[in-house]
*Asks:* 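The following block contains the structure, expressed as structure tokens.
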There are 2 protein chains.
Amino acid sequence: MPQYIDLSRTIQSGMPVYPGDRPVELEQIASFQEEGHSNFLLTTGMHAGTHIDGPMHLSGSLIRISDLPISHFACNGYLLNVVGQKTIHLQEQQVHHLPPGSALLLYTGFDSYFDEKAYYEAYPALSEESAHLLANKQIRMIGMDSPSPDYAPFNVHKILMEKQILIIENLTNLAALTPFKEFELLAFPLKLRADSSPVRVVARISDRSTR
Amino acid sequence: MPQYIDLSRTIQSGMPVYPGDRPVELEQIASFQEEGHSNFLLTTGMHAGTHIDGPMHLSGSLIRISDLPISHFACNGYLLNVVGQKTIHLQEQQVHHLPPGSALLLYTGFDSYFDEKAYYEAYPALSEESAHLLANKQIRMIGMDSPSPDYAPFNVHKILMEKQILIIENLTNLAALTPFKEFELLAFPLKLRADSSPVRVVARISDRSTR
């Protein structure tokens, strides 16, 4: 049996969001004891918690996240340990093994600051040269356990999006992937007619994945 | 490479919801042209579109959908063709091959009525005897391309939930699974502190799945 590792943050009212974004609200609107069934109402932007940025987020593209075929959100994934690096400068030898159509997860360890102000103010940034390197590799997705690969004006986002590379932000639990040479990354977004989507991100580990 | 088949409905403003439920709203709140980035705001209950019912929905359980381990939402799946049946009476020989911990998808074909009033008023119902049969089989999930396995007072829901069986509703595209003897069902909900969750449901087909 394959093993599944959850890489997603819990979604709840009052969770930290990107500065200026609308707060997340998750409110119980019916209970089994009173109404005979439970239900909740969720109000959220597309960029709260663990989510996937689609091409429409930072480009003139009109492609909604629901327009992309489902196979786009599953591929071989590889973890790269960049813990402690304030600016991430990728070297060719760190990414030479990435096949076209694969996913790269940057393990920064910065998710441990999620509940602190620093999380959204002092996260590690990926250099523009690194973004070009990954764009040339034709990877399909990049993800990180931090809020974003860059700061305004978001040139790294734009370099990646121009090549249709999807960006997964606010991952967590990436340390759990360190024993595995490769895995299957499953990042199926809700089928929303929106630019991007909250997502449950899962690594699927087959028996042959051990490093 | 495995093949992935999407079994989920598109989520958009004004989509049909269960009678009495809050409407779904998905509104663009920022555009790349004007604000320099796109974003949308989603307001939804847990039971609109393709979603998974957790134990808290129709029982006194306090387990939130975010409390369940991720491995709970992936297992071997099997399709059963019940197209045209107004009441579904399962026989032992139709389900004898289901191992404990597996998922059964009921292919009713009723999803073709999604945009009509009949969809939420005249959907096929699973008999209580069938629910007991599946509960005894210790399946993990049941899904259907219709709004619900039963009508108020939802005894089928309660029989299944008492055994921690998750219920996936409003699936679509199940005809695409008919060539496959088995598949891996992936139904990872958002990690919401809620009773249930909207979900992108995907069948993962490995090379050995052909009937």
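Below, chain A is the first sequence line, B the second, and so on; all start at residue 1. Everything numeric in this text was worked out from a predicted model, so none of it was measured.
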*Asks:* Pick one of side chain, backbone, both or neither for B:Gln3, based on which atoms fall under 4.5 Å of a heavy atom in chain A.
*Replies:*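 It is neither, since no heavy atom gets under 4.5 Å.
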*Asks:* Out of curiosity, A:Ile70 CD1 to B:Arg200 CZ, how far, rounded to the nearest 0.5 Å?
*Replies:*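 It is 3.5 Å, given to the nearest 0.5 Å.
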*Asks:* Does any backbone or side-chain atom of A:Leu41 lie under 4.5 Å from a heavy atom of chain B? Answer side chain, backbone, both or neither.
*Replies:*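 Both backbone and side chain.
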*Asks:* Can you say whether B:Val199 sits under 4.5 Å from chain A via the side chain, the backbone, both, or neither, judging by heavy atoms?
*Replies:*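 When you check distances to chain A, only backbone atoms of B:Val199 fall under 4.5 Å.
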*Asks:* Please state whether the side chain, the backbone, both or neither of A:Gln28 comes within less than 4.5 Å of a heavy atom of chain B.
*Replies:*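 Side chain of A:Gln28 only, per the 4.5 Å heavy-atom cut-off to chain B.
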*Asks:* Using a 4.5 Å cut-off on heavy atoms from C-beta on, say whether the side chain of B:Leu192 contacts that of A:Phe40.
*Replies:*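 Not touching, per the 4.5 Å side-chain cut-off.
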*Asks:* Let's test your reading of the structure: which of B:Thr43, B:Ile5, B:Asp21 forms the most heavy-atom pairs below 4.5 Å with chain A?
*Replies:*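 Most pairs with chain A among the choices: B:Thr43.
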*Asks:* Within a strict 4.5 Å, meaning less than it, do heavy atoms of the B:Val201 and A:Lys191 side chains meet?
*Replies:*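 No. Closest side-chain heavy atoms not under 4.5 Å.
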*Asks:* Let's test your reading of the structure: which of B:Ser13, B:Gly54, B:Ala74, B:Ser59 forms the most heavy-atom pairs below 4.5 Å with chain A?
*Replies:*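 Among B:Ser13, B:Gly54, B:Ala74, B:Ser59, the one with the most close pairs to chain A is B:Ser59.
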*Asks:* Please rank B:Gly36, B:Pro198, B:Pro189 by heavy-atom pairs under 4.5 Å with chain A and give me the top one.
*Replies:*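 The candidate making the most pairs under 4.5 Å is B:Pro189.
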*Asks:* Indicate yes or no for a side-chain donor-acceptor contact from A:Ser38 to the backbone of B:Met56 under 3.5 Å, with no hydrogens or angles considered.
*Replies:*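 Yes, the answer is positive, given that a donor and an acceptor are paired below the 3.5 Å cut-off.
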*Asks:* So for A:Arg64, is it side chain, backbone, both, or neither that comes closer than 4.5 Å to the heavy atoms of chain B?
*Replies:*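 Contact with chain B involves the side chain of A:Arg64 alone.
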*Asks:* As an exercise, state the distance from CZ of A:Phe32 to NZ of B:Lys158, rounded to the nearest 0.5 Å.
*Replies:*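 Output value for this atom pair is 5.0 Å.
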